[in-house]
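Okay, structure first, notes after.
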Amino acid sequence: MGIERRESGRIDFSVPVRYRHKGNQAVFNTIGRDISGTGIGFVSSEFFPISTHLVFEAQHPVRHDFIKAVGEVMWVSKRPYSEDFSVGARFLGPPLPVN
């Protein structure tokens, strides 16, 4: 069993998530896996180098409004029997409401 490095508990977040590379306008859609006050886990067909900065938009799991957050990719792992990746990103600031 590995050492738990998360700073806060995560909740299931199996909802659509939009993301784009910071500084780029092309938007991609994916599915979230989990979320906390400090980060997000999601599935992607795209490989991300560690430290890649992404801008996320998704519906808040409790308030149901839409939020936007900038995150930094902390880890990436290949999903078994799939071409997809599991990705974990930490938020670089608190999520903000989308206007």
Side-chain angles (χ1 to χ4, degrees):
M1 181 184 274
I3 298 171
E4 178 63 52
R5 294 185 208 139
R6 293 179 180 155
E7 296 174 8
S8 60
R10 296 204 174 218
I11 59 172
D12 180 46
F13 193 63
S14 300
V15 299
V17 174
R18 295 170 42 135
Y19 72 88
R20 65 180 173 80
H21 291 262
K22 191 169 181 190
N24 190 330
Q25 295 305 313
V27 175
F28 301 92
N29 295 304
T30 190
I31 298 294
R33 293 186 61 209
D34 53 43
I35 193 168
S36 73
T38 60
I40 187 170
F42 63 100
V43 176
S44 177
S45 59
E46 179 181 359
F47 174 82
F48 299 99
I50 302 300
S51 298
T52 299
H53 286 191
L54 301 171
V55 179
F56 299 96
E57 288 186 20
Q59 191 170 19
H60 191 281
V62 176
R63 296 188 317 256
H64 303 291
D65 57 342
F66 284 84
I67 57 172
K68 183 182 211 176
V70 176
E72 177 181 18
V73 173
M74 301 302 290
W75 59 267
V76 178
S77 65
K78 186 85 169 93
R79 292 175 62 96
Y81 312 108
S82 171
E83 296 297 316
D84 293 336
F85 299 90
S86 292
V87 184
R90 80 177 161 101
F91 295 139
L92 297 177
L96 303 171
V98 175
N99 296 328

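On a predicted model such as this, the values are computed, not experimentally measured, just so you know.
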Item to check | Spatial distance of atom OG1 (Thr52) from atom CD (Glu72) [nearest 0.5 Å] | outcome: 8.5 Å
Checklist entry - Counting heavy atoms not belonging to Lys22, are there more than 12 under 6.0 Å from its NZ? => result no
Checklist entry - How long is the span from the CG atom in Leu54 to the CZ atom in Arg20, to the nearest 0.5 Å? => result 10.0 Å
Next on the checklist: So Ile67 and Glu57, do their side chains get closer than 4.5 Å, heavy atoms only?
Outcome noted: no
Next on the checklist: I need the minimum non-hydrogen distance between Pro16 and Ala58, along with the two atoms involved.
Outcome noted: O-CB, 4.1 Å
Next on the checklist: Please determine whether side chain to side chain contact (heavy atoms under 4.5 Å, CB included) holds for the pair Phe91 and Ser36, giving the CA-CA distance in whole Å, both sets of side-chain angles, and the decisive distance to 0.1 Å.
Outcome noted: CA-CA 9 Å; Phe91 295 139; Ser36 73; 5.8 Å; no
Checklist entry - If you measure from CZ on Phe47 to CD on Glu83, what distance do you get to the nearest 0.5 Å? => result 14.0 Å
Item to check | Val70 vs Val55, side chain to side chain contact (heavy atoms under 4.5 Å, CB included): CA-CA, chis, key distance, verdict | outcome: CA-CA 4 Å; Val70 176; Val55 179; 4.2 Å; yes
Checklist entry - What distance separates Phe66 CZ from Gln59 CD, expressed to the nearest 0.5 Å? => result 4.0 Å
Item to check | Side-chain heavy-atom pair Thr38, Arg90 within 4.5 angstrom cut-off | outcome: no
Item to check | same_hphob_cluster(Val76, Phe28) at 4.5 Å side-chain heavy-atom cutoff | outcome: yes
Next on the checklist: Please report the interatomic distance OG(Ser44) to CG(Asn29), rounded to the nearest 0.5 Å.
Outcome noted: 11.0 Å
Item to check | Joint hydrophobic cluster, Val15 plus Tyr19, side-chain heavy atoms closer than 4.5 Å | outcome: yes
Checklist entry - Do you know which two heavy atoms are closest between Lys78 and Phe85, and how far apart they sit? => result CD-CE2, 3.6 Å
Item to check | Atom pair CZ/CZ of Phe42 and Phe48 - distance to nearest 0.5 Å | outcome: 4.5 Å
